[in-house]
J.: 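Dropping a structure here in structure tokens format, bear with me for questions.
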4 protein chains.
Amino acid sequence: MKRYVPFRKGEIVSDAENARASIGARRNPETEAAVLQAAAELIREQGYAALTMEAVCKRARAGKATLYRWWPSKAHLLLALVSRSKQEMELPDTGTLRGDLTAYLDDLLARWRGDDGSMPMGPLVRVLYVEAADNAELGAALLEERRDRWQLLDQILTAARARGEVSPRLGAERAKQLAMALPIYLLMIGRLPAPGETAALVDDILPSFA
Amino acid sequence: MKRYVPFRKGEIVSDAENARASIGARRNPETEAAVLQAAAELIREQGYAALTMEAVCKRARAGKATLYRWWPSKAHLLLALVSRSKQEMELPDTGTLRGDLTAYLDDLLARWRGDDGSMPMGPLVRVLYVEAADNAELGAALLEERRDRWQLLDQILTAARARGEVSPRLGAERAKQLAMALPIYLLMIGRLPAPGETAALVDDILPSFA
Amino acid sequence: MKRYVPFRKGEIVSDAENARASIGARRNPETEAAVLQAAAELIREQGYAALTMEAVCKRARAGKATLYRWWPSKAHLLLALVSRSKQEMELPDTGTLRGDLTAYLDDLLARWRGDDGSMPMGPLVRVLYVEAADNAELGAALLEERRDRWQLLDQILTAARARGEVSPRLGAERAKQLAMALPIYLLMIGRLPAPGETAALVDDILPSFA
Amino acid sequence: MKRYVPFRKGEIVSDAENARASIGARRNPETEAAVLQAAAELIREQGYAALTMEAVCKRARAGKATLYRWWPSKAHLLLALVSRSKQEMELPDTGTLRGDLTAYLDDLLARWRGDDGSMPMGPLVRVLYVEAADNAELGAALLEERRDRWQLLDQILTAARARGEVSPRLGAERAKQLAMALPIYLLMIGRLPAPGETAALVDDILPSFA
DNA sequence: CATTAATCGAGACGGTACGTCATGTCTTCCG
DNA sequence: CGGAAGACATGACGTACCGTCTCGATTAATG
């Protein structure tokens, strides 16, 4: 029986020895991990532009169908990456807005920079903000994903307001925006503060709450 | 067989009646205008996703080579669009930081929103920020483009500093960042203030300079 | 900005009702047939100059990637066309070189002229000869393709040599060249003999074997 | 006054020091020479596929308008190249067809091979034969160009016929074809005989005249 | 001598084909 | 059935050439 092959021979046809197989009629967690791993590595090593669904498939040794089954668009894949990195952070309670905000931003910036050796989330977040602008579905998902973190920020600000550290003039929304605007802006222009500079950053933000 | 093109003689299709021709060995400003016009219309009518180089060529009745000669990438085309919208703005001099900043941001936000009926620059600016992150050349061009506007902001802040309205604690760079962070952040999350809300915005920003 | 493609969700145009889909991870013979069909029609209807890869794609409703996967250049496509026309021809055995050569060339010339209503192969062969001169890969493919037919000619000449109809002075290669030179030359100058003239042609070639 | 330059800077804008200028209202022979020289070099160095009008312009430091003014198509350029090489050859008169044909083909093959250090005409001739098939104008010009040489061949064959060396069965046209077919064929398949092998070649051709 | 006219290099112009690449859908075969 | 593999149609990308055009300069012939 004739086996058709593309004109350019000599390429890899199948090194199927060590491919992951199905584990039956349910999702294979190994595959999920491999895909997210591959996506993370691609972004880190070659930038966001290199994050193509095809490259992810190849690197993760996954099929395209598998990818699209679980992450119907690149946006969902990005979101999954960010979600994966979300680990618990307990509510800081230093007694001052300055201390709480410093703790909060210190943690956030560390994740953006990838301080603990894990993948830096900064580039992803930057991309998500822009993608979300054109993509309502992604926007909603992004909002949902941020809910916990934002709740934390809300609690910090509410406590500070109770202590009189936040001007009554400021609405809850605007207060949150004031807290996030400068970090996000610095992320956007690629000028994230170094690990030790968070306190100085907070000192520059704090007056706007007064 | 790459370059084998049989001789075609006299079968020129060229419905050249109404095409723009060259004006010699130098740039034809009409072509430039037509291209930018086409790009602006495409974005406005069908969104940024419709801004393909090919669509621009077609709409502007321009050749691909022409496009790529003057704008080597889509990002540069965007940048040109933004640049074009930047017409002169004179230095505001209201005597207070509040007044100057309000005038400055009022103008900027109006362009981002497209208040005068022209194309809203906001979405373009948002995309440019993300592109610049991965593209050093574009980053340089973007920086260059912003120079004029930033110089204005610098002058506003310097004057304010002379009047004692800017804390000596703040460096020039950080002061600029504090002025721009919230507007940019609001642009990023799609919450640009309405035309009348600029003053309130400035009031929320101002305390951080004190 | 090369690879920045905004997410497009649900705006697939894809009038996929009547498009050929993949039949799995292997070549779809329908696609191959459609492409060769389209190429043949283009050449016949509009001439060789109209045979652009793009036109073939369009007409065959095939993707560019598909085309280039299987036929890495226009020349290879031509070659496939010629190959396809080469159906089996049994070894003529009339007992004389004259008869065998007449049968052989009659068949060959009929295909070059397209006598059976199919596409004339002559113009394609002519182009292939020239392309092969500049393109080693194509040259090899062309040689490979001709092997069957040449084997036939070899057998004819060997048999004739055994009967003493071919001078021992002539090498095998030169004998083949003498048989093919005049037909090819006539093809090149566009003076292919009419269907009934093959015998006369052979009569003019034959003496050189004596 | 603003000077527009393409976005990619740093390229050669004008090294106009040593450019050829017009010599008034008539053709500049230096330009013609430079163009033909450039074309010849391109074919020799990079093959026929590299013979683009643009490459010729660049290499010859000539303007496109100049090129198209004097050689309205690539075919005309090719033809001019061949014509340029046409030098006088006197009618050989060795008293035998064998001697005359050997002299004739020896000269022809030497030019095809470029034995005297000049540009090999073989590749050009090969291309011209194929181009002429699709291009009547070029075909006519090619015929005209070859007239002298063919006249020579005609004379050789007529003299041989008078001596009884050409079978009356052969028409004048067919006789010429028999003389040229094998050399042309060998040219087409890139198997031109070496300088000393012309006599052997003629010996293989001669019997067909008997 | 001044004007005219044709020539020159240069290269921008509108087009079109090229060959590459990513998308998201599909089908097969294996476990 | 899930998963790897990869072919499929689509279409944008950026490059290269085509043949036409306009420029500004140069220079011979003309007035």
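Only a predicted model underlies this, so the values are computations on that prediction, with no experimental measurement involved. Order of the sequence lines fixes the chain letters, A, B, ..., with proteins taken first and strands second; residue numbering starts at 1 for each chain.
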J.: F/dG3 P sits how many Å from A/Lys58 NZ, rounded?
T.: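 Taking atom P of F/dG3 as the reference, NZ of A/Lys58 is at 21 Å.
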
J.: Restricting to nitrogen or oxygen on both sides, can you table the protein-nucleotides 28-30 of chain E pairs closer than 3.5 Å?
T.:
none

J.: List the atom pairs, with distances to 0.1 Å, where a side-chain N or O of residues 38-47 of chain D and a protein N or O form a donor-acceptor pair under 3.5 Å, not counting sequence neighbours.
T.:
{"from": "D/Glu41", "atom 1": "OE1", "to": "D/Arg59", "atom 2": "NE", "distance (Å)": "3.0"}
{"from": "D/Glu41", "atom 1": "OE1", "to": "D/Arg59", "atom 2": "NH2", "distance (Å)": "3.1"}
{"from": "D/Glu41", "atom 1": "OE2", "to": "D/Gln37", "atom 2": "NE2", "distance (Å)": "2.5"}
{"from": "D/Glu45", "atom 1": "OE1", "to": "D/Arg59", "atom 2": "NH1", "distance (Å)": "3.2"}
{"from": "D/Glu45", "atom 1": "OE1", "to": "D/Arg59", "atom 2": "NH2", "distance (Å)": "3.1"}
{"from": "D/Glu45", "atom 1": "OE2", "to": "D/Arg59", "atom 2": "NH2", "distance (Å)": "3.0"}

J.: Whole angstroms only, please: what is the NZ-C1' distance between A/Lys74 and E/dC21?
T.: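 After rounding, the reported distance stands at 12 Å.
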
J.: Is any side-chain heavy atom of D/Val35 less than 4.5 Å from a side-chain heavy atom of D/Glu32?
T.: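 Result no, sub-4.5 Å side-chain heavy-atom pair not found.
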
J.: Roughly how far apart are A/Trp71 CH2 and A/Leu78 CG, rounded to 0.5 Å?
T.: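 One finds 12.5 Å between CH2 of A/Trp71 and CG of A/Leu78.
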
J.: In chain order, what residues pass the side chain to side chain contact (heavy atoms under 4.5 Å, CB included) check against D/Thr66, with sequence neighbours excluded?
T.: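 Checked D/Thr66 against side chain to side chain contact (heavy atoms under 4.5 Å, CB included); matches are D/Thr31, D/Trp70.
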
J.: By nearest nucleotide on DNA chain E, pick out whichever of A/Leu51 and D/Pro29 is the more 5' one.
T.: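 Here D/Pro29 is the residue nearer the 5' end.
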
J.: Between D/Met53 and D/Leu77, is any pair of side-chain heavy atoms under 4.5 Å apart?
T.: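 Yes - at least one pair of side-chain heavy atoms lies under 4.5 Å apart.
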
J.: Quick one: side-chain hydrogen bond (donor to acceptor under 3.5 Å, both in side chains) partners of A/Glu30, sequence neighbours excluded?
T.: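 Applying side-chain hydrogen bond (donor to acceptor under 3.5 Å, both in side chains) to A/Glu30 gives none.
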
J.: Looking at F/dG19, F/dC13, E/dC13, which one has an atom nearest to any side-chain atom of B/Arg27?
T.: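 Minimum distance to the B/Arg27 side chain belongs to E/dC13.
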
J.: Atom CG of B/Leu42 to atom P of F/dA12: distance rounded to whole Å?
T.: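 Nearest whole value for this atom pair: 11 Å.
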
J.: For D/Glu54 and E/dG9, give me the distance from atom CD to atom C1', rounded to whole Å.
T.: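 Spelled out: CD on D/Glu54 to C1' on E/dG9 is 14 Å.
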
J.: Salt bridge check: are B/Lys64 and B/Glu54 linked by an N-O gap of less than 4.0 Å?
T.: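 Result for this pair is yes, salt bridge flagged.
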
J.: Under 4.0 Å between a side-chain N or O of B/Thr31 and OP1 or OP2 of E/dG14?
T.: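 Affirmative; the distance criterion is met.
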
J.: Does a side-chain N or O from B/Arg20 land closer than 4.0 Å to OP1 or OP2 of E/dG14, or not?
T.: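 Checking E/dG14 against B/Arg20, a side-chain N or O does come within under 4.0 Å of OP1 or OP2.
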
J.: For E/dC21 and A/Thr52 - does any side-chain N or O of the residue sit under 4.0 Å from the phosphate oxygens OP1/OP2?
T.: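 The answer is no; no side-chain N or O of A/Thr52 sits under 4.0 Å from OP1 or OP2.
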
J.: Taking atom C1' of E/dT7 as reference, at what distance in whole Å does atom CD of D/Glu30 sit?
T.: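 Result: 13 Å.
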
J.: Can you pull out the residues from residues 63-71 of chain D that lie within a 4.0 Å heavy-atom distance of DNA chain E?
T.: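 Hits under 4.0 Å, by residue number: D/Gly63, D/Lys64, D/Ala65, D/Thr66, D/Arg69, D/Trp70.
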
J.: Look at the side chain of B/Ser22 and the base of E/dA12, then say whether one donor and one acceptor between them are separated by less than 3.5 Å.
T.: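 Checked by distance alone, the answer is yes.
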
J.: If I compare all heavy atoms of B/Pro29 with all of B/Arg27, which pair ends up nearest, and what's the gap?
T.: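 Closest pair (atom of B/Pro29, atom of B/Arg27, distance): CD-O, 3.3 Å.
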
J.: Could you state the OH-C1' distance from A/Tyr48 to E/dA22, rounded to the nearest angstrom?
T.: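 A/Tyr48 atom OH is separated from E/dA22 atom C1' by 13 Å.
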
J.: If I take atom CE in residue B/Met53 and atom C1' in nucleotide E/dT16, what distance separates them, rounded to the nearest angstrom?
T.: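 After rounding, the gap between these two atoms is 17 Å.
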
J.: B/Asn28 CG to E/dG14 P: how many Å, rounded?
T.: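 Computing the B/Asn28:CG to E/dG14:P distance gives 7 Å.
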
J.: Over all heavy atoms of both residues, which pair between D/Gly139 and D/Ala132 is shortest? Give the atoms and the distance, please.
T.: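 Where D/Gly139 meets D/Ala132 most closely, the heavy atoms are CA-CB, 3.9 Å.
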
